[in-house]
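All of these numbers come straight from a predicted model, not from anything done at the bench. Residue numbers begin at 1 in each chain, while the letters A, B, ... track the order of the sequences.
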Number of protein chains: 2
Amino acid sequence: MIDPKPQGTQRSGALSREHIVSATIELLDSSGESAVTVRALTAHLSTGRGAIYHYVSGKEELLAAATDQIIRAVFETSADDPDARQSLRNLALGIFDALTEHPWVGIQLGREPRQPAVFRIWTGIGALLQRMGVTGHASSNAGAALMNYLLGAAAQYAATVHKVPSGGDRKAYLELFAAELTRLDSEVIDQEAAAALVEHDDREQFLAGVDIFLAGIEAGAASGRSETGEQ
Amino acid sequence: MIDPKPQGTQRSGALSREHIVSATIELLDSSGESAVTVRALTAHLSTGRGAIYHYVSGKEELLAAATDQIIRAVFETSADDPDARQSLRNLALGIFDALTEHPWVGIQLGREPRQPAVFRIWTGIGALLQRMGVTGHASSNAGAALMNYLLGAAAQYAATVHKVPSGGDRKAYLELFAAELTRLDSEVIDQEAAAALVEHDDREQFLAGVDIFLAGIEAGAASGRSETGEQ
DNA sequence: ACCTGAACACCGTTCAAGT
DNA sequence: ACCTGAACACCGTTCAAGT
């Protein structure tokens, strides 16, 4: 009763940055990235085409804001653990699961390194590595490596999720993919690896990659610098 | 004297897929990805707009073909080493160096997982991991992890290389970036890590990431499975 | 068969005009 | 101040028409 404006999911009420970003996420989720045009968006918001430019500098900022909203939610829900290593795994899985729900996030994360969502992940990883006792030069390298892995996996997964059928055709598709790999150089890909490709679980494989990283970081921290140049 | 056609770098002679891809690479290198429009390309080739569609299905295939040409060259020049581990490092560095010369490659690699250049890297990594004695399930996980790292690093680096000044301004830019990271959560990023960010060498950091991976793979192979679910 | 370039069906962004 | 929607300056792709 206090606020005379309707709470307006989309059509009515005043426009705001928040409304615009929410509508963008809806459109992204329901129809994919190619469907997010200024025309479609403003139609969805029942407003003029130029209106959104009062709240947002352009399409790039819009996509970055949508991505940050998803990543922020991951940080809010990701379970913290007394073991920093486990927290890092939780964070990585949280990002992975968010990607499954919003595949466009994976593509957007890789597009622009200086965007809020990427900053957020940087600092999150940095804090956890510090808690793990990794500091200084090693922390910088480890953080960058983990970041690169995460973003690479995100982009790959996001690009695949739309193209790999999820039902019973998934196996057939992956068998084709494995066959293509073996055909290219049949001596080189062993049959066991090809079979693993067909039967692997994406989420488990993603986590296996995180664990390889963590093992490498811990091995490096334990043994000191190996052959890479000092300083 | 045998062939009456001029050898035509661009304007004269018959059109061919090879010519078109070469012109695309030239345009990509000289003016960046945004400059590669069908209009600019066909002007460069002094032909009609529709002509290229006789040789190539569209812009996506064109960019994929350009990318594959660069990656193929990396494989041809990358030094093979009796030590498979060292060969893998050489390959990774070869890809990194190609990216420095052709930043658009990094972005293109992340865009589409089912493209020739990506297949090529998959099989290359697979072969070297096998030579390292990593096989079966572990090889599939290790290969995917390394692939994700490589593609993530490629995309990040490609996106940064245009935006970070390379001269004396580089330091100032990175200091700003470091400040932004610390500002976000000043307790959390240690000063040493921030300093490392400013002074790090991209190529060295990239290689450090590869080494973290290799250490993790070797640690995993030595200790067997850790806590990740069996099968 | 190969090539041309107008035409088509779109884009993101700007901006004078309205309220 | 906020919003509208025509106009602007582009895109990639198609296709009838030419050679």
Can you check nucleotides 17-19 of chain D for protein contacts, nitrogen or oxygen pairs under 3.5 Å, and list what you find?
none

| task | Would you kindly give the CD1-to-P distance between A/Ile52 and C/dC15, to the nearest whole Å? | result | 16 Å
| task | Could you tell me the separation between the NE2 atom of A/His54 and the C1' atom of D/dC3, rounded to a whole number of Å? | result | 6 Å
| said: So which atom in A/Gln156 and which in B/Leu109 form the shortest heavy-atom distance, rounded to 0.1 Å? | reply: OE1-O, 4.4 Å
| Enclosure of B/Glu18 CD (heavy-atom neighbours >12, cutoff 6.0 Å) | no
| Given atom CD1 of A/Ile20 and atom P of D/dC2, what is their separation to the nearest angstrom? | 12 Å
| note | As its Watson-Crick or G-U partner within any shown strand, both distances under 3.5 Å, D/dA1 has C/dT19
Give me, pair by pair, the N or O atoms of the protein and of nucleotides 8-12 of chain C that are less than 3.5 Å apart, along with how far apart they are.
residue, atom, partner, partner atom, Å
C/dC11, N4, A/Arg39, NH2, 3.2
C/dG12, OP1, A/Lys59, NZ, 2.8
C/dG12, OP2, A/Val38, N, 3.0
C/dG12, N7, A/Arg39, NH1, 2.7
C/dG12, O6, A/Arg39, NH2, 3.0

| Taking atom types as modelled and ignoring hydrogens, do the side chains of B/Ser22 and B/His19 form a donor-acceptor contact shorter than 3.5 angstrom? | no
| Of A/Trp104, A/Phe206, A/Phe96, the residue whose pairing with A/Tyr157 passes ring-ring contact (aromatic ring centres under 6.0 Å, His included) | A/Phe96
| request: Could you check how far CG of B/Leu41 sits from P of D/dT13, rounded to whole Å? | output: 12 Å
| said: Applying side chain to side chain donor-acceptor pair (under 3.5 Å) to A/Gln130 and A/Ser139, what does each step give before you reach the verdict? | reply: CA-CA 7 Å; A/Gln130 201 180 339; A/Ser139 137; over 6 Å; no
| In the strands shown, is C/dG12 matched to any nucleotide by a Watson-Crick or G-U wobble pair with both distances under 3.5 Å, and which? | D/dC8
| query | Is it the case that B/Asn90 and B/Ser78 place a side-chain donor and acceptor less than 3.5 Å from each other? | reply | no
| field | Rounded distance in Å between the C1' positions of C/dA16 and D/dC2 | value | 15 Å
| remark: Here the gap from B/Glu61 atom CD to B/Lys59 atom NZ, rounded to the nearest 0.5 Å, amounts to 14.0 Å
| task | Dump the intermediate steps for salt bridge (charged side-chain N to carboxylate O under 4.0 Å, His left out) on A/Arg114 and A/Glu60, then the final yes or no. | result | CA-CA 12 Å; A/Arg114 302 173 339 168; A/Glu60 196 178 319; over 6 Å; no
| Ignoring hydrogens and geometry, is there a side-chain-to-backbone donor-acceptor pair from B/Gln115 to B/Ala117 under 3.5 Å? | no
| task | Measure from CZ on A/Arg17 to P on D/dA1 and round the result to the nearest Å. | result | 20 Å
